[in-house]
Amino acid sequence: MQNNRNLYSSEVRALYKIFKSQLPNSIILTGQDTDIISTIAKNLASLIISKKLIENCDNFQDYLLNPIHEDSNFILKIEPAFLEDKQRFKKMLYREDVKYVNDFFSTKDENDQKRVCIINLIDDLSLDAANSVLKIIEEPNRNNHFIIVNQNKSKCLKTIVSRSNRIFFGKLNYDNFINYYKNSENEEYLNYLYQITNGSSYLTKQFIE
C-alpha cells in the first residue's frame with residue numbers, strides 16, 4: 001500500500017488542528033474504513049508519545065497514513081483478543097478487559113511523559129466497559145490521552161462523545177481506493193473489490209484476507 005496526499009485530506013487537516021492546539025484527553029475517529037482509521041490511530045499515538053516536531057500538515061499526513069507505528073510501553077491497545085480454541089477474535093470486551101487502563105495511566109514517569117490508550121473498536125465494548133472508560137475520561141490528566149476508533153456512531157456513548165473531540169471519516173473515492181491498495185493487488189481485481197464493497201476498506205480487508 002502507498003500513501004496518497006488526497007487520502008482523507010480534510011479529515012487529517014482537522015486532526016492536525018487538534019494536534020497542534022492543546023491536545024484533548026479523548027479523540028474519537030469515526031468511520032466505516034476502520035482498517036485505515038486504526039493505522040491513523042496507532043501512528044497518532046506514536047507521534048504523541050515521541051514528541052516529534054511536525055513542520056506542516058503534509059508531513060503530518062505522511063506520518064499518519066504509513067504503517068510505521070511501533071509498540072511502546074507508553075501506548076496501551078484495547079482490542080479483541082484472538083481465541084485460539086475457537087479460532088476467532090473475541091466478539092465483545094467487558095469491564096475486566098479494560099480494568100488495567102486506570103493502572104496504565106496511574107504510572108508516574110519522569111520527563112513529563114505522555115501515555116495513550118487506543119480503543120479499537122469502542123463498538124466492541126459492553127456497557128459496563130464503556131462506563132469504566134468514561135469514568136477515566138471524566139478525570140482528565142494533561143498527559144493521559146484516549147484515541148478511540150469507532151465504526152458505528154450510534155455505538156459510542158453520548159457521554160463519551162460529549163467529552164471528546166470527534167472526527168468523521170467518509171468513504172474513499174475510487175481513485176484513492178485504487179492508489180491505496182495498488183501495491184498489493186492488481187487494478188482489475190481492485191476495481192471489482194471497489195464495486196462489491198462500495199469503497200469500504202474494512203470489507204476489502206476481509207476479502208483480501
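All residue numbers refer to positions in the sequence shown, counting from 1.
In this structure, F105 and F146 have side chains that are in contact, with non-hydrogen atoms separated by less than 4.5 Å. Side-chain contact between S126 and L93 is absent, with no heavy-atom pair separated by less than 4.5 Å. Looking at K77 and N120, their side chains never come closer than 4.5 Å, going by heavy atoms from C-beta outward. Looking at heavy atoms from C-beta onward, N131 lies in side-chain contact with L134 at the 4.5 angstrom threshold. Within the 4.5 Å cutoff, the side chain of I167 has heavy atoms near those of the I18 side chain. Under the 4.5 Å side-chain criterion, counting only non-hydrogen atoms from C-beta, I27 is in contact with L44. Looking at I78 and V133, their side chains never come closer than 4.5 Å, going by heavy atoms from C-beta outward. R13 is listed as a side-chain neighbour of C57, based on a closest heavy-atom distance under 4.5 Å.
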**Asked** Would L15 and L64 satisfy side chain to side chain contact (heavy atoms under 4.5 Å, CB included), going step by step from the backbone distance to the final call?
**Response** CA-CA 10 Å; L15 192 54; L64 292 190; 3.8 Å; yes

**Request:** Using the side chain to side chain contact (heavy atoms under 4.5 Å, CB included) rule, take T204 and D35 through it: C-alpha gap first, then chi angles, then the decisive distance, then the call.
**Result:** CA-CA 9 Å; T204 297; D35 178 28; over 6 Å; no

**Request:** Let me see the working for R115 and I49 under side chain to side chain contact (heavy atoms under 4.5 Å, CB included), right down to the final yes or no.
**Result:** CA-CA 6 Å; R115 289 174 174 263; I49 67 165; 5.9 Å; no

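Looking at every heavy atom in both residues, S38 comes nearest to V149 through OG-CG1, 4.1 Å. Minimum heavy-atom separation, F169 to I37: CB-CD1, 3.8 Å. What you find for I160 and A130 is that their closest heavy atoms are CD1-O, 3.7 Å. Nearest heavy-atom pair, I28 versus C156, reported as atom, atom and distance to 0.1 Å: CD1-SG, 3.8 Å. The two atoms that bring S46 and I75 nearest to each other are N-CD1, 3.8 Å, heavy atoms only. Taking each heavy atom of V98 and A129 in turn, the nearest pair found is CG2-O, 3.9 Å.
With rounding to the nearest 0.5 Å, the separation of CD1 in I148 from CG in L125 is 9.0 Å. Taking CG of D97 as the reference point, atom OG of S132 lies at 10.5 Å (rounded to 0.5 Å). In this structure, D62 CG and D58 CG are separated by 6.5 Å, a value rounded to the nearest 0.5 Å. Here the CG-OH distance, from L127 to Y94, works out to 12.0 Å after rounding to the nearest 0.5 Å. Rounding to the nearest 0.5 angstrom, the gap separating the OG1 atom in T159 from the NZ atom in K135 is 14.0 Å. Between the CG atom in L190 and the CZ atom in F177 there is a gap of 6.0 Å [rounded to 0.5 Å].
At least one donor-acceptor pair under 3.5 Å links the side chain of N43 to the backbone N or O of Y63. The main-chain N or O of L47 is found under 3.5 Å from a side-chain atom of S50 such that the two form a donor-acceptor pair. Under a 3.5 Å cut-off, the side chain of Q61 and the backbone N or O of L7 do form a donor-acceptor pair. N191 places no side-chain N or O within 3.5 Å of a backbone atom of E187 that could act as its donor or acceptor partner. The closest donor-acceptor contact from the side chain of S72 to the backbone of F74 lies under 3.5 Å. Side-chain atoms of Y8 come within 3.5 Å of backbone atoms of G170 as a donor-acceptor pair (strictly under, hydrogens ignored). With N141 contributing its side chain and N143 its backbone, the two residues share a donor-acceptor pair below 3.5 Å. The backbone N or O of Q32 sits less than 3.5 Å from a side-chain atom of Q151, completing a donor-acceptor pair.
When each of K155, R166, E11 is tested with T30 by the rule side chain to side chain donor-acceptor pair (under 3.5 Å), just one qualifies, namely R166. If you run side chain to side chain contact (heavy atoms under 4.5 Å, CB included) between L29 and each of N150, I147, T34, only I147 comes through.
Using cut-offs of 30° and 60° on the angle between ring planes, the pair Y189 and Y192 is parallel. Ring orientation note: the planes of F60 and Y16 are tilted relative to one another, at an angle of 30° to 60°.
Using a 3.5 Å distance cut-off with no hydrogens or angles, the side chains of N152 and S154 do pair a donor with an acceptor. A donor-acceptor pair shorter than 3.5 Å cannot be found between the side chains of N25 and N144.
Cluster annotation: F168 and I36 are assigned to distinct hydrophobic clusters (Ile/Leu/Val/Met/Phe/Trp/Tyr, side-chain heavy-atom contacts under 4.5 Å, transitive).
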